[in-house]
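To keep things clear, I will list the structure first and then write my remarks on it.
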Amino acid sequence: MKNVLIIGSTGQIGTELTLELRRIYNGNIVAGYIPGAEPKGELLESGPSIVVDITQDKQIAEAVHKYKVDTIYNLAALLSATAETKPQLAWKIGMDGLFNVLEVAREFGCAVFTPSSIGVFGNNTPKDRTPQDTIRSPRTMYGVTKVSGELLSDYYFIRFGVDTRSVRFPGLISHIAPPGGGTTDYAVDIYHSAAKGERFVCPIAAGTFMDMMYMPDALSAAIGLMEADPARLIHRNAFNVTAMSFDPEMIYANIRKYVPELVMDYAVDPLRQAIADSWPNSLDDSCAREEWGWNPAYDLDAMTRDMLTQLRKRG
Ligand code: AKB
């Protein structure tokens with residue numbers, strides 16, 4: 001029996017993670033949301049929900065106390081491109097919010113999962129098969145908050161024994177909730193264009209490789225790490241994880257196997273391109289594989305087939 005609070009339960013990861021946790025555990029799986037982003041449909045009907053603004057420490061503490069929460073999934077964040085346009089808000093949510101979560105976790109003895117990102121890496125990080133332990137000096141506010149978040153989470157583990165764990169997610173691709181404001185969003189948008197029979201205008205230049213992952217694998221990473229035997233964990237905040245690496249031409253060619261009429265043009269967005277250029281081409285995720293058995297199920301082709309099937313079903 002687990003009692004879990006998901007902060008940011010109506011976002012890209014939270015929408016699916018909350019439902020998946022409700023399928024697995026029979027405790028309270030509580031959907032935390034901010035006013036204006038209320039849960040709807042199955043997410044609303046399948047379990048409890050409560051207003052939790054991550055910048056309000058009392059709201060987090062009240063939810064944890066009320067539902068006897070033992071694990072917090074902290075999914076509140078602005079993605080990379082949005083964070084560059086609102087850096088102050090990105091810090092407030094990413095860092096002040098994380099501090100609030102960690103303090104509540106310390107007080108109530110909760111484990112905490114906070115996603116990190118390939119955004120922790122910067123221009124001077126090795127680009128290919130980027131190692132687990134390497135230079136992390138990003139020049140984006142998103143990256144700065146993610147590196148600081150990794151350090152703060154490790155600090156709370158070492159200093160206070162709070163069971164903090166994290167993965168560095170690559171671009172996440174899903175047919176359910178949209179990402180909104182990320183650098184890797186093009187890899188979601190192209191599937192929507194393909195399924196609707198529309199021309200796709202790509203904001204990222206050909207030849208720009210980034211790591212990516214299909215949402216079912218992202219859920220299994222988040223849950224698998226939180227279920228892992230702590231005695232096996234040499235690292236905690238945060239593990240490199242990846243499932244595939246591609247550039248716009250590769251995903252376009254793969255989708256055209258199933259939608260030959262898809263047309264793609266480029267209109268490169270300088271902000272997103274600069275961020276993408278500073279991120280790795282591909283990650284080495286061998287530590288996650290060795291320490292807790294990370295093993296993704298979807299490659300590019302399997303993801304394409306499932307994305308197109310799901311989007312077509314919806315019409
Ligand atoms: C983004 O593009 O900002 C995110 C990420 C890779 O962290 N999808």
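Because the structure is predicted, anything quoted here is derived from the model rather than measured. FYI, side chains are in, hydrogens and waters are out, and symmetry mates aren't considered; it's all heavy atoms of this structure. Just so you know, ligand 1 is whichever comes first in the structure, and atom 1 is the first atom listed for that ligand.
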Legend entry - Lys/Arg-Asp/Glu bridge criterion (N-O < 4.0 Å) met for D285, R168: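 Result for this pair is no, no salt bridge flagged.
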Legend entry - Salt-bridge criterion met for K68 and D70 (N-O under 4.0 Å):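 No, no charged N to carboxylate O under 4.0 Å.
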Of the protein's non-hydrogen atoms, which lies at the shortest distance from [atom], and what is that distance?
atom	result
atom 3 (O) of ligand 1	S80 OG, 2.5 Å
atom 2 (O) of ligand 1	T183 N, 2.7 Å
atom 8 (N) of ligand 1	T184 OG1, 2.9 Å

Legend entry - Polar proximity ligand 1 side, D185 side, N/O cut 3.5 Å exclusive: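 So ligand 1 has no N or O lying under 3.5 Å from an N or O of D185.
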Inset, instruction - Kindly give the heavy-atom pair with the smallest separation between A90 and M141, and that separation in Å. - result: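 Nearest heavy atoms, A90 then M141: CB-CG, 3.9 Å.
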Legend entry - Closest heavy-atom pair and its distance - M244, F246: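 In terms of heavy atoms, the two residues are closest at SD-CE2, 3.7 Å.
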Using atom types as modelled and distance alone, determine if a side-chain donor or acceptor of [X] lies under 3.5 Å from a backbone N or O of [Y].
X	Y	result
T15	Q12	no
Q132	S286	no
S193	E198	no

[X] heavy atoms, cut-off 4.0 Å: which ligand 1 atoms fall inside?
X	value
S117	5 (C), 6 (C), 7 (O)
W279	1 (C), 2 (O), 3 (O), 6 (C)
Y142	3 (O), 4 (C), 5 (C), 7 (O)

Inset, instruction - Determine whether the side chain, the backbone, both or neither of I118 has a heavy atom under 4.0 Å from any heavy atom of ligand 1. - result: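 The answer is the side chain of I118.
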Inset, instruction - For ligand 1, note which part of P170 has a heavy atom under 4.0 Å away: side chain, backbone, both or neither. - result: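 It is the backbone that touches ligand 1; the side chain stays farther off.
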